[in-house]
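Read through the structure below, which is laid out as structure tokens, and then see the notes.
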4 protein chains.
Amino acid sequence: MNRQKYSGIIPPVVTPLSGRDALDLPGLERLIEHILDGGVHGLFILGTTGEGPGLSYRLRKELIERTCRQVSRRVPVLVGITDTAFQESLNVARWSAGAGADSLVVAPPYYLPESQPELQEYLDHLVPSLPLPLFLYNMPALTKVVMEPETVRRAMDEPRIIGLKDSSCSMIHLHRILALLPRRPDWPVLVGPEEMLADAVLAGAHGGVNGGANIFPKLYVKLYEAAKSADMARVRELHALVMRVSETLYRIGKHSSAIIKGIKGALAVSGICDDFMAEPFQRFREPERGRVRQILDELNPLLKSL
Amino acid sequence: MNRQKYSGIIPPVVTPLSGRDALDLPGLERLIEHILDGGVHGLFILGTTGEGPGLSYRLRKELIERTCRQVSRRVPVLVGITDTAFQESLNVARWSAGAGADSLVVAPPYYLPESQPELQEYLDHLVPSLPLPLFLYNMPALTKVVMEPETVRRAMDEPRIIGLKDSSCSMIHLHRILALLPRRPDWPVLVGPEEMLADAVLAGAHGGVNGGANIFPKLYVKLYEAAKSADMARVRELHALVMRVSETLYRIGKHSSAIIKGIKGALAVSGICDDFMAEPFQRFREPERGRVRQILDELNPLLKSL
Amino acid sequence: MNRQKYSGIIPPVVTPLSGRDALDLPGLERLIEHILDGGVHGLFILGTTGEGPGLSYRLRKELIERTCRQVSRRVPVLVGITDTAFQESLNVARWSAGAGADSLVVAPPYYLPESQPELQEYLDHLVPSLPLPLFLYNMPALTKVVMEPETVRRAMDEPRIIGLKDSSCSMIHLHRILALLPRRPDWPVLVGPEEMLADAVLAGAHGGVNGGANIFPKLYVKLYEAAKSADMARVRELHALVMRVSETLYRIGKHSSAIIKGIKGALAVSGICDDFMAEPFQRFREPERGRVRQILDELNPLLKSL
Amino acid sequence: MNRQKYSGIIPPVVTPLSGRDALDLPGLERLIEHILDGGVHGLFILGTTGEGPGLSYRLRKELIERTCRQVSRRVPVLVGITDTAFQESLNVARWSAGAGADSLVVAPPYYLPESQPELQEYLDHLVPSLPLPLFLYNMPALTKVVMEPETVRRAMDEPRIIGLKDSSCSMIHLHRILALLPRRPDWPVLVGPEEMLADAVLAGAHGGVNGGANIFPKLYVKLYEAAKSADMARVRELHALVMRVSETLYRIGKHSSAIIKGIKGALAVSGICDDFMAEPFQRFREPERGRVRQILDELNPLLKSL
């Protein structure tokens, strides 16, 4: 495994839908090209932002195949296999390998929460059954389980576990993980929340899996690069823009679905893809739609000159 | 809909497994007969205790068909269709109708938590697509979403929503729901935690969906009957036994999986079915297995005379 | 200690204030007489409903003395000594003994949460320093600490700990505590949330410490009596009224202070005492005040005939 | 107000105790000199690390007076006035002004949690009554209340509120606060958790209120300086030492009191002051004491060369 391969910005791609259980196919193509044009270093499909758990298995399979075909190995494709049912994770993993994806991503099964020993044993059982290498995905707000440093440390000893996406939203937790890196320096640690991208990379993380990169991929790539080279003036300038996206576009709705609705809404307003949402969520209607338009009108000029 | 139909004890049946993705078929038959012998009023499969979210869809389909065949309409069969993916809920619902189940049970999709308006709209979309009537299932500890009284009140106006299983573990919440019953007096409200069965029935609930009824169905049926007829001396005597089950068998392990492991362990020790668990959980090994045996040795004589 | 002494309804008395750090003295007298007229079995001052932690020590001392003088041993007076500072708890305890109070009530110190062993050791240190016997007060939502059954079991072996007020809002927790009573049958267990009063007494608890008894003491006394004698028809009738108080008067405001504001507002509208609140809270203004009036207009006729 | 005044490292000083309600006077002197020798920019007494809420008012007064006398205006002294009782906060504030302290620090009253409007009104009432300028202290894990950006933005318009200590442990929250700074650029924002000191200062915060600076003041001062001048190599080196302190000394105990016990234990082992703890907590005994010694033996050589 090559560390460079999984450094940088690997957006959690939204899933363009044209209706219930139907992909927006032209939207998916446009979205992938739009993101790749921004210079990102990989694509992660079927994550939280991709509404992975909300999609039928049939659609997940189609999305994997079409994404891999469209990307055509220009960047690595990572596929989320998180599931409450072991067998279904294996199915998604097999489809991913068959379609030419590069690696898999798994968060803890998220119905009954596991203890750390249970989570460790789960990984011990899962990894040997997988046809591709695996990223861990720490997402305690949604899985109700933290991947504790001890569990991550243990995973580092397993060659087929090749990195971690940390969406704990905790810099302290991230530092505890980064403190393990001397053990396996090539092991990429990527941060989920984009508001922490600069902090994380300055602290030694290898990049970000940031939802906003669906809309403004260049912004996140440039911020990653600025942080990697510790160009602090540039970091502050670009980070201020990331905060502005977060404080406006992600705060239109009040609920946990607000961020995905904001991202999909912005993509729809920008003519990239449909913003149909998988159940149990619905796209923004007016006046929220209008608010998205207004925010984009304010943001676009600021981002054009990047 | 007939209220009597869904009153009483409707155990959340465990799923006997002989290995990963394999039903323990003779165990399933024995288990169903064991529970029915106890005089229960229905069976609920693919719930939390049934490890529903942890089973492959293939196995869920097989379980539905075999359970319905074995029960053969002696009591109503309720099937859990809770899922993060709308389409997969519909599939399970269709299999259930095809197999002759009586009704469906749904908790909120449990990855990204919904707001109440989102949950209401979800139910508005789900119910017309279902081939069978629907029970709501309030399980906030695992779904991260409370079904608020306002959402339940709204559901009572929908004729195809025919009742509620409340596993909030909150007597206050349950009272708030029961206070809505004058609106639709025939609407069964069943309580999940067996430690609250007596309280709930005394307060006007219609019965319980209690895990311990997998092992000791008669105990829960008799407690239900005593509470229904307000025979307080009998209620106290039987409730004390229920508390004893809870304080011993459910507290062997420390984690959220402890209750299911305890129930399956007791069934295995009793020769009824295998205690193989769906991933990410593992059955009790020694010394926990021995502790189960010891607890049963103490409980069985107390329960024989029921 | 006499079990009878602490059975029944022991209202958590609100603290009538006429301004910042000033008791409403005529209001306090009227309030005490109003509550005693309802036939209650004791008074608990300086609890959560009494805004204990929000009052200056000077005012707490004055309140203790004036309350004891006014009550004049007609019923037992219990005084809350919960504090984050050990020495201040001892001071309040000494004032209570000096003023003729009957017993003390303590919840865990509520800034940094304690582990159970820390809580147990704290009680070991506190009890010998107290001049009066002590009730435990389990209030996890505000103290961040549950008094686990093991801690309560241990406390039962200490003769100077004479009972428990459980405001866990969990019937399961309460049943686990009640299951310990064979150890010391005279040990009173009182329930905090009034929505659970009937359930608790039916289950073997000895009474309630219910905020609504500030306004409608007779309602809670009668419900207690009905539950104690298992008069189920009467229990349901009176419990429905308690739920009506809770669903209307306690839900005017949205925040944690809503219940106290509702109780004090109802007392002010009824001409009993001022509804000035200790900082950081403020009494209801219009339109909430008007809503209190309207609710009382609806409730009073229903409660007159008790 | 001079921004420089409150920039840098302002340790939350532990309170040396020689017994229940007794200051360790020589220990206090030694501790203050030890910390000042490290080049810190201020001292904060009666905070969380200082066990403020656990101390009697008498002792708080003595601590304020002795600390101010010992410091003798070499650096600013900040005094925590957080309290559940408004009047007691005012008392502590008055003692502070009388003793020559520079400013006050307040977290939300922490028994019943406030809504944001309640918190805002509380500050509106508190600030005009205070004889000294005020820092806000955001500590949601212990107060159950987040100071939302909107509340902080409003506070920035009040000239007598002169800064914020953020112990939210959330980099996202901190960024949201820092994004308000253009409004009042001189307004110091200090970070509580030392694991986030480097991140915070790199992101534009003005310093840290870090418990470890009781033991190793120079380490935190140097890390602050390195981060302020964006000397990334030095930041990484020193941050690694801070993480090592955190991962060893703060993880001996398992409970919320572990950090303070670790800091006091290290100070006692180093001969600086007694590690007696205010109730309800107890100092480390063996074998934890021995573990502290061992950790210091490992850390001291690494820190000598700073």
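Throughout, protein chains are lettered first and strands after them, A, B, ... in sequence-line order, and every chain is numbered starting at 1.
- Interface residue C/Y111: backbone and side-chain heavy atoms are both found under 4.5 Å from chain D.
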Residue pair C/Y122, D/Q282: steps toward the side chain to side chain donor-acceptor pair (under 3.5 Å) verdict: CA-CA 9 Å; C/Y122 168 74; D/Q282 307 301 321; over 6 Å; no
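- The choice from D/G52, D/P113, D/A141 that makes the most heavy-atom pairs within less than 4.5 Å of chain C is D/P113.
- In this structure, the portions of D/L142 lying under 4.5 Å from any heavy atom of chain C include both its backbone and its side chain.
- Contacts between D/T48 and chain C at a heavy-atom distance below 4.5 Å involve backbone atoms as well as side-chain atoms.
- Using non-hydrogen atoms only and a strict 4.5 Å limit, the part of residues 84-91 of chain C facing chain D consists of C/T84, C/A85, C/F86, C/Q87, C/E88.
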Pair D/E195-D/Y250, side-chain contact (heavy atoms from CB on, under 4.5 Å): steps then yes or no: CA-CA 11 Å; D/E195 299 86 350; D/Y250 299 170; 4.3 Å; yes
Full working for side-chain contact (heavy atoms from CB on, under 4.5 Å) between D/L112 and C/I260: CA-CA 11 Å; D/L112 275 171; C/I260 306 178; 3.6 Å; yes
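- Residues of residues 144-157 of chain D lying within less than 4.5 angstrom of chain C, judged on heavy atoms, are D/K144 in numerical order.
- Looking at C/E118, the atoms closer than 4.5 Å to chain D (heavy atoms on both sides) sit in the backbone and in the side chain alike.
- Residues D/L104 and D/S96 form a side-chain contact, since some pair of their non-hydrogen atoms from C-beta on lies under 4.5 Å apart.
- For the pair D/I161/D/L136, a side-chain contact is recorded, criterion being any heavy-atom separation below 4.5 Å from C-beta on.
- Taking the side chain to side chain donor-acceptor pair (under 3.5 Å) definition, one finds that D/R58 meets it with D/E62, sequence neighbours left out.
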Test side-chain contact (heavy atoms from CB on, under 4.5 Å) applied to D/F281 and D/F276, step by step: CA-CA 9 Å; D/F281 303 108; D/F276 192 94; over 6 Å; no
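- Using a 4.5 Å heavy-atom threshold, the side chains of D/T82 and D/V105 count as separate.
- For chain D, the nearby part of C/L55 is the backbone; its heavy atoms alone come within less than 4.5 Å.
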Residue pair C/K165, C/S167: steps toward the side-chain contact (heavy atoms from CB on, under 4.5 Å) verdict: CA-CA 6 Å; C/K165 173 188 175 189; C/S167 291; 3.2 Å; yes
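- Counting only heavy atoms from C-beta outward, the side chains of D/L164 and D/F135 never approach each other to under 4.5 Å.
- Interface remark: of the candidates C/P108, C/P117, C/S256, C/S256 forms the most heavy-atom pairs closer than 4.5 Å to chain D.
- Residues D/R289 and D/V269 have side chains in contact (heavy-atom distance under 4.5 Å, counting atoms from C-beta outward).
- Between D/R283 and D/D274, at least one side-chain N (NZ, or NE/NH1/NH2) sits under 4.0 Å from a carboxylate O, which counts as a salt bridge.
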For residues 10-19 of chain C, which side-chain donor-acceptor pairs fall under 3.5 Å, sequence neighbours excluded?
from: C/T15; atom 1: OG1; to: C/G50; atom 2: O; distance (Å): 2.7
from: C/S18; atom 1: OG; to: C/L23; atom 2: O; distance (Å): 3.4

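- For D/P109, the part lying near chain C is the side chain, with the backbone staying farther off; criterion is any non-hydrogen pair under 4.5 Å.
- Counting heavy atoms from C-beta on, the side chains of C/D275 and C/F284 never come closer than 4.5 Å.
- For chain C, the nearby parts of D/E114 are the backbone and the side chain; heavy atoms of each come within less than 4.5 Å.
- Heavy-atom distances place no part of D/L126 under 4.5 Å from chain C, backbone and side chain included.
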